[in-house]
**Student:** 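Before anything else, here's the structure in question.
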2 protein chains.
Amino acid sequence: MSDNTPKFKREPAEHRREALINATLSLIAEKGVQAATVRAIAARADVSQGMIRHHFSSKEELITAAYEHHMDRLTDLTSASADADSGAAAAQLAAFVVASLTPPVVDAGSVSLWAGFLTKVHDDQQMRDSHERTYYNFRNRLEALIAAVLEEAGQPATPQQLRYLAIACNAVIDGLWLEGGILSGAFAPDELPEIGIRSVGAILGMDLTKAGQQT
Amino acid sequence: MSDNTPKFKREPAEHRREALINATLSLIAEKGVQAATVRAIAARADVSQGMIRHHFSSKEELITAAYEHHMDRLTDLTSASADADSGAAAAQLAAFVVASLTPPVVDAGSVSLWAGFLTKVHDDQQMRDSHERTYYNFRNRLEALIAAVLEEAGQPATPQQLRYLAIACNAVIDGLWLEGGILSGAFAPDELPEIGIRSVGAILGMDLTKAGQQT
DNA sequence: TTCGCAATCATGCAAGTGTATAATTACGAG
DNA sequence: CTCGTAATTATACACTTGCATGATTGCGAA
């Protein structure tokens with residue numbers, strides 16, 4: 001009696017890597033980092049646990065890959081809505097801020113993921129590099145937008161000033177994003193983007209509330 | 001042959017609890033949450049591992065107690081420097097901001113601790129309550145300071161406006177504190193407090209840079 | 001001094017961890 | 001169709017984890 005039903009399917013390596021990464025992310029978002037064990041990840045991806053070591057040199061490497069995937073996604077989501085706005089620079093900045101402070105970027109799972117990874121930054125050099133890269137990536141985008149807005153308003157700033165402004169605006173957005181994700185019930189739906197727009201505007205010395213509406 | 005050297009010493013329960021909490025905190029700050037095992041904590045506190053279950057009903061409870069201890073200490077450090085300033089309300093607020101963005105509050109270990117605990121917030125109700133309490137505690141202090149400053153400047157705000165301002169200022173401080181702790185090398189020593197003072201001032205619509213200097 | 005008891009310790013256990021290894025099996029090249 | 005090989009699985013191993021248990025022992029009360 002020959003068994004014709006295949007016991008498994010050979011998938012392209014990239015598919016498998018992606019599936020494992022997604023399984024890892026959903027697991028961490030739902031139950032925290034400590035729940036992302038080799039066995040749990042494999043089960044969620046519907047493969048045997050050996051697959052992890054076959055496609056990644058260690059579990060740590062899978063975790064790092066998952067972190068980069070997650071952060072890249074967040075960055076893409078925010079950048080996309082800024083790029084989509086073809087209007088004035090102020091409107092683009094406003095769109096960027098709003099996107100950063102609205103679901104799906106603001107999300108309990110996202111913050112949970114981010115926090116979980118943050119604990120690894122402490123003792124993992126590779127993770128530290130990854131975090132640094134992501135941080136500067138986001139901040140530099142923000143700085144470029146700010147530069148354009150100031151230029152547009154006829155108030156060009158020195159590199160030093162620009163740096164300060166970018167760090168400050170980045171901090172507000174990060175802080176709002178964080179608490180919005182953790183204490184999701186503590187804020188009204190449009191409260192966070194509203195506060196974000198006002199605060200970033202105040203820091204830059206201009207009113208962005210108008211810029212956001214004409215989208 | 002009678003052995004006169006005592007094999008251990010009986011300590012008041014409060015001493016032991018504190019010792020265990022301190023051991024936990026230093027361990028997490030140095031090597032991350034995952035290093036805070038029952039055995040490691042007991043070793044650092046120079047007691048047997050049984051002590052943990054004797055003085056706390058579970059390891060989780062010890063972790064929670066350590067979190068509250070840590071956050072209370074941070075809150076005390078910042079509040080103290082605001083209270084110490086008997087001058088104008090603006091000066092008190094400035095002192096509060098500066099203290100929040102200067103060592104020992106800004107510290108890699110502190111952030112590491114905070115991040116580690118944050119991952120527990122996700123699935124532990126008690127931890128979630130604790131986090132919420134700490135957050136509102138800090139924000140309410142900030143809101144009171146802001147109210148005083150606006151009052152002083154003759155620009156009283158509505159409760160609604162006050163709430164927005166407190167959330168925004170809290171967010172900048174949190175964001176700066178965070179990145180300052182993680183990317184400690186990325187900022188010059190006085191950069192963070194400088195940016196903090198300027199940004200909070202900008203959000204409130206006033207110049208706090210002068211207020212801070214006359215301390 | 002003696003004695004009881006709570007504080008402390010030493011040891012063990014069951015469950016779960018990441019990783020290593022060898023046996024299977026799908027599937028394209030020849 | 002056959003067959004080599006890389007993908008996949010199944011299983012086992014060494015180790016760590018939090019917690020439980022029962023034996024010690026310091027120390028105040030009597």
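Numbers restart at 1 for each chain; the letters A, B, ... are given by sequence-line order, proteins then strands. Side-chain atoms are counted along with the backbone in the values below, which use heavy atoms only and exclude waters and symmetry mates.
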**Student:** Counting only side-chain nitrogens and oxygens, does B:His54 get under 4.0 Å of the OP1 or OP2 atom of C:dT8?
**Tutor:**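 Checking C:dT8 against B:His54, no side-chain N or O comes under 4.0 Å of OP1 or OP2.
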
**Student:** Atom CZ of A:Phe8 to atom P of C:dC27: distance rounded to whole Å?
**Tutor:**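 Whole-Å distance recorded here is 8 Å.
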
**Student:** Relative to the 5' end of DNA chain C, which residue comes earlier, A:Arg10 or A:Arg39, by the nucleotide with the nearest heavy atom?
**Tutor:**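 Closer to the 5' end of DNA chain C: A:Arg39.
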
**Student:** Rounded to the Å, how far apart are B:Ile52 CD1 and D:dT21 C1'?
**Tutor:**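 The answer, rounded to whole Å, is 17 Å.
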
**Student:** Ignoring hydrogens and geometry beyond distance, is a side-chain donor-acceptor pair present between B:Arg141 and B:Ser79 at under 3.5 Å?
**Tutor:**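 The answer is yes; a qualifying pair exists.
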
**Student:** Could you tell me the separation between the CD atom of B:Gln34 and the P atom of C:dG18, rounded to a whole number of Å?
**Tutor:**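 Taking atom P of C:dG18 as the reference, CD of B:Gln34 is at 12 Å.
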
**Student:** Taking the minimum atom-to-atom distance to the side chain of B:Thr37, which one of D:dT9, D:dT17, D:dT25 wins?
**Tutor:**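 Within the option list, the nearest is D:dT17.
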
**Student:** Measure the OH-OG distance between A:Tyr135 and A:Ser130 for me, rounded to the nearest 0.5 Å.
**Tutor:**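 If I round to the nearest 0.5 Å, the distance is 15.5 Å.
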
**Student:** Let's see if you can work this out: which of C:dT8, C:dT19, D:dC19 has an atom nearest to the side-chain heavy atoms of B:Met51?
**Tutor:**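 Within the option list, the nearest is C:dT8.
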
**Student:** Write down the distance between CD (B:Glu60) and P (D:dT17), rounded to a whole number of angstrom.
**Tutor:**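 Answer to the nearest Å: 15 Å.
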
**Student:** Nearest 0.5 Å, what's the CD1-NZ distance between B:Ile63 and B:Lys59?
**Tutor:**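 B:Ile63 atom CD1 to B:Lys59 atom NZ measures 5.0 Å (nearest 0.5 Å).
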
**Student:** Grab the CZ-P distance between B:Arg16 and C:dA6 for me, whole Å please.
**Tutor:**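 In whole Å, C:dA6 P lies 18 Å from B:Arg16 CZ.
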
**Student:** Looking at D:dT9, D:dT8, C:dT8, which one has an atom nearest to any side-chain atom of A:His55?
**Tutor:**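 The answer is D:dT8, which lies nearest to the side chain.
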
**Student:** Mind checking whether A:Trp114 and A:Trp177 have parallel, tilted or perpendicular rings, split at 30° and 60°?
**Tutor:**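 Rings of A:Trp114 and A:Trp177: perpendicular, as their planes differ by over 60°.
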
**Student:** Between C:dC9 and B:Gln49, counting only base atoms on the nucleotide and side-chain atoms on the residue, is there a donor-acceptor pair under 3.5 Å?
**Tutor:**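 Absent.
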
**Student:** Rounded to whole Å, please give me the gap between CG in A:Leu62 and P in C:dT17.
**Tutor:**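 Rounding to the nearest Å, CG of A:Leu62 and P of C:dT17 are 15 Å apart.
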
**Student:** About how many Å separate CG of B:Leu176 and OG of B:Ser199, when rounded to the nearest 0.5 Å?
**Tutor:**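 The CG atom of B:Leu176 is 6.5 Å from OG of B:Ser199, to the nearest 0.5 Å.
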
**Student:** In whole angstrom, what separates A:Leu20's CG from D:dT9's C1'?
**Tutor:**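 Taking CG of A:Leu20 and C1' of D:dT9, I get 14 Å after rounding.
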
**Student:** Whole-Å distance between C:dA6 C1' and B:Lys9 NZ?
**Tutor:**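 One finds 17 Å between C1' of C:dA6 and NZ of B:Lys9, rounded.
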
